[in-house]
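Reading through the structure tokens given below for one structure.
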Amino acid sequence: MKRLLTALAIAGVVGMTLFGVARLWLLASLAPLGGREPVAGLVDSVTVLWDSLAVPHVIAASDDDFFTALGYLHARDRMWQMDLLRHAAEGRLSELFGETAVASDRAFRDREFNRIAASRLAAMGAATRRVLERYAAGVNAWLAADRPALEFRLVGHAPERWEPRHSIELGVLQAWDLRTTGDELDLAVVAERLGVERARELVPSDGPSNASNSWVIAGHRTASGKPILANDPHLTLRAPSVWYLVGAHAPTYEVVGATIPGAPVVVLGHTARAAWGFTNAMVDDLDYLVEELSPDSSRARTARGWAPVEALAETIRVKNGDAVIHRRLRTVHGPVVRGEWDPGPGRALTLVWTAQDPGSDELAALLGMARGAGWRDFAAALAGFKTPEQNVVSAHAEGDIAYWLVGRVPVRRGGVPFTPAPAWTGAGDWVRYLDTSELPHVRNPVEGWIVTANNRLVGPEYPHFLSRHYDHGYRAARIAELVRADSSATTASVSRQQMDVVDGFARAHRSLAARAATAAMRADLGDRLRAWNGSMEAGLVEPAVFWSWYKELQRLTYEDESPDYRPAAPLHRWMAAGESRWFDDLRTPERETLDTLARRAMLGALTGRRAVRWGEVHQTWIDHPLAAVPVLGRWAGFRVGPLEKGGSNYTIDNASSTSASPPFPTSYGPSLRHVVDLGDVDGSGGFILPTGQSGHPLSRHYRDQTERWLRGDLWVIPIDVRRVRAIDTLVLVPGGARSSESSRQ
């Protein structure tokens, strides 16, 4: 026994020593916040003031030096994130993760993101190209320092040089995440099984997978007398964050806000005189066409006869494995892709997407938005923004508030099909895009506010087709309700509105749930649901009961006829109407009604389950790509969470879950919050991220914004550099020795 105890003690000491050595090794990859560092490509020195959340204020004597410095800082804090997204866009994840990523790489290569990026770069103006080149020089200056991020050390990978096209590829990847497909392939599966008319009953299918809120309030409704803007884009939450906060202080580029690592501009933010916010416009910007191929797949039939098909072969390099040859086709309409629906032998699916056409320059548009003197300059800059299609709201110090839909809206020759159209008829061809003058626009509406939340913003009088697939409208209605009640708005009141968790869907249907609970012999729950106001607070029991019941009702409605495709939008429409033939279960002799299924759903939701708080079954996880690696993920601290979280799929403070039954985990929500009062841009309001600025899990800035994000606090990033509360200073110099005498992140 004594020997065993001695051996265990020695093993413990050795283990602790190894752990300590490993931790020191990992800490060595943390970049210092202060000091002096040489950056190849700089003309003059650049000063970086770090605040206590590690937000850098970059003070440069020229715009060129600013963009070089930003590339350097992005790489310094987020190079792994940038490189991972570059590999995803190019279909090269197998180089990092082996054969498990081959299927993903095939799909990404089929979509031709690199081809799209190359065509955009070739058509780009000299000024924007120079910005990309300066930014790439900064990234490469950091790479030349040979201080690889933690993930590169763990995966055993060295990133190659950054090129201007890589920044564009990341933009195309983001546009793909924000696409609106209209569920064409899922509906094609339903049509094949049940017939076209039954499938048509499921149109419109569902709202956005990527949602957002933005609203702007005119000065006559604010305490300051100037407009207030709020924006919180909802995306999949990731560690590190999608966004990187920056203060830009350059001769013609003075702006604060959120950048995307890999791209050289502030995407969402404000200047001293203007602020802007984005939400996805939900434009139906992607179609699938069915191609009829010749027996050898060398030709495809079109409305004008047979056209040649391009055959391509690409090599996918696989870590610790043999290379894979990926063979694919390209027709005159676009690349051939694979999807959830197979059109049958001798046929293929072609992808047609607005991003495939050249001629867009989103970087130039974003630069122009920040440099404009007023709303007219702002509007002129927006004209170059083509993909992804966005609702843009803006607020201006002169008092103007405005809304624009920007991007490409296709006009189809034969109308808008809800399943893939046959390419050989020409009916699905896109004949043009709507002109900028044809797109919706509002300036200074009489009610004094503009709200966008992925909802339909045009009335039946609007002559052009935009989409069938808007959000349900619950968030937009709730925002308007709160704004209408706030006649003297402040940044504090508006930021509270961003945290609202009242679910409009739950308010509309709580009485149905209450009747179902009473019918299921749970009168106590029925009473609670009737008295409930629809708030999805983490500490309440009612949200857990309601959501479990609703998801069970959704399952019961569809499982007999469409078990694999259960769109929410039609179900909400039928619930509001109180009837639908979809409620009848064809497997039983009786005819089920909504009340019948509602009672069954409540019984199913309650059977064998105790009453729990919403926060117990609805928790937020913010994951790093390596968080799932056994032992390593936990040891390195990559994962952020679980976080008990209020909200739901339909609340302003969004926290969507796709789970069909409890628990209802979520990794989705406000990827950024921003509120600004144009009456005092540096006095209140601000920004916040779900995690932090750093990409290093051992940095104190990896997750130091999380608690603030949960509470709804905001962090001011001053436009006036004299108001920056700097805790450290980094000087980037165009040469000389590297030194660092300050704290590490």
Side-chain angles (χ1 to χ4, degrees), residues 91 102-116 176 179-203 205 284-316 323-357 410-431 468 561-565 567:
V102 169
S104 173
D105 283 347
R106 288 182 185 274
F108 277 112
R109 294 198 184 206
D110 286 347
R111 296 164 191 156
E112 300 186 333
F113 292 171
N114 55 354
R115 178 189 179 111
I116 295 171
W176 176 258
R179 73 198 183 279
T180 301
T181 66
D183 291 352
E184 291 177 33
L185 301 184
D186 290 309
L187 288 167
V189 172
V190 176
E192 198 170 70
R193 181 189 302 132
L194 303 178
V196 172
E197 289 308 311
R198 294 304 305 277
R200 195 183 301 277
E201 293 174 10
L202 303 185
V203 177
S205 50
D284 192 342
D285 61 357
L286 184 151
D287 284 348
Y288 293 98
L289 298 178
V290 178
E291 302 275 9
E292 183 179 332
L293 302 178
S294 62
D296 62 355
S297 298
S298 66
R299 295 178 300 155
R301 189 154 65 96
T302 74
R304 292 168 295 280
W306 290 88
V309 172
E310 184 180 4
L312 302 101
E314 300 174 357
T315 300
I316 299 176
V324 173
I325 303 301
H326 177 53
R327 303 185 187 280
R328 61 187 187 87
L329 302 175
R330 193 174 206 287
T331 75
V332 293
H333 296 108
V336 170
V337 297
R338 297 160 184 80
E340 299 86 352
W341 176 67
D342 184 351
R347 293 183 174 180
L349 285 173
T350 294
L351 173 68
V352 184
W353 180 31
T354 57
Q356 293 165 342
D357 285 342
V411 177
R412 281 89 169 172
R413 173 171 285 117
V416 184
F418 67 91
T419 58
W424 58 89
T425 67
D429 288 354
W430 294 2
V431 296
R468 297 190 188 101
E561 295 182 272
S562 182
D564 300 320
Y565 180 58

(message) Suppose we screen for side-chain contact (heavy atoms from CB on, under 4.5 Å). Which residues come up paired with Arg200, at least two apart in sequence or across chains?
(response) Val196, Glu197, Phe418
(request) With rounding to the nearest 0.5 Å, note down the distance linking CG in Leu289 to OG1 in Thr331. (result) 7.5 Å
(request) Rounded to the nearest 0.5 Å, what's the gap from CG on Asp183 to OG1 on Thr419? Could you check? (result) 12.5 Å
(request) Determine the minimum heavy-atom distance between Arg111 and Leu351, stating which atoms define it. (result) CG-CD2, 4.2 Å
(request) Please state whether the rings of Trp176 and Trp353 are parallel, tilted or perpendicular, taking 30° and 60° as the class boundaries. (result) perpendicular
(message) I'd like to check Arg106 versus Arg338 (side-chain heavy atoms, cut-off strictly below 4.5 Å). Are they in contact?
(response) no
(request) Check Val332 against Ala307 and note the closest heavy-atom contact, atom names and distance. (result) CG1-CB, 3.8 Å
(message) A side-chain contact here means heavy atoms from C-beta on lying under 4.5 Å apart; do Arg328 and Val336 qualify?
(response) no
(request) Identify the heavy atoms of Pro410 and Thr354 that sit nearest to each other, and give their distance. (result) CD-CG2, 4.2 Å
(message) If you compare all heavy atoms of Arg330 against all heavy atoms of Glu112, which two are closest, and at what distance to 0.1 Å?
(response) NE-OE1, 2.9 Å
(request) State, to 0.1 Å, how close Leu185 and Gly339 come at their nearest heavy-atom pair, and which atoms those are. (result) CD1-CA, 3.8 Å
(request) Mind checking the NE2-CG spacing from His326 to Asp105? Nearest 0.5 Å is all I need. (result) 9.0 Å
(request) With sequence neighbours left out, write down each residue that passes side-chain contact (heavy atoms from CB on, under 4.5 Å) with Ser297, or none if nothing qualifies. (result) Leu293, Leu329
(request) Could you list the residues that satisfy side-chain contact (heavy atoms from CB on, under 4.5 Å) with Ser562, not counting sequence neighbours? (result) Val190, Arg193, Tyr558, Tyr565, Trp582
(message) As an exercise, state the distance from CG of Asp429 to CZ of Arg413, rounded to the nearest 0.5 Å.
(response) 5.0 Å
(request) Please examine the side chains of Asp284 and Arg412, heavy atoms only from C-beta on, and report whether any two atoms are closer than 4.5 Å. (result) yes
(message) If I take atom CD from residue Gln356 and atom CZ from residue Arg115, how far apart are they, to the nearest 0.5 angstrom?
(response) 9.0 Å
(message) The criterion is side-chain contact (heavy atoms from CB on, under 4.5 Å); which residues satisfy it with Pro422, sequence neighbours excluded?
(response) Trp424, Thr425
(message) To the nearest 0.5 Å, what is the distance between CD on Glu184 and CG on Asp287?
(response) 5.0 Å
(request) Please tell me if the side chains of Arg109 and Leu312 come closer than 4.5 Å, counting only heavy atoms from C-beta onward. (result) no
Taking distance alone, no hydrogens or angles, what donor-acceptor pairs closer than 3.5 Å link side-chain atoms of residues 340-348 to residues at least two apart or in another chain?
residue : atom : partner : partner atom : Å
Trp341  : NE1  : Glu192  : OE2          : 3.3
Asp342  : OD1  : Gly344  : N            : 3.0

(request) Can you see which heavy atom on Leu349 is nearest to which on Tyr288, and at what distance? (result) CD2-CB, 4.2 Å
(message) Taking salt bridge (Lys or Arg N to Asp or Glu O under 4.0 Å) as the cut-off, I'd like each qualifying pair that reaches into residues 293-310, sequence neighbours left out, listed once.
(response) Glu292-Arg301
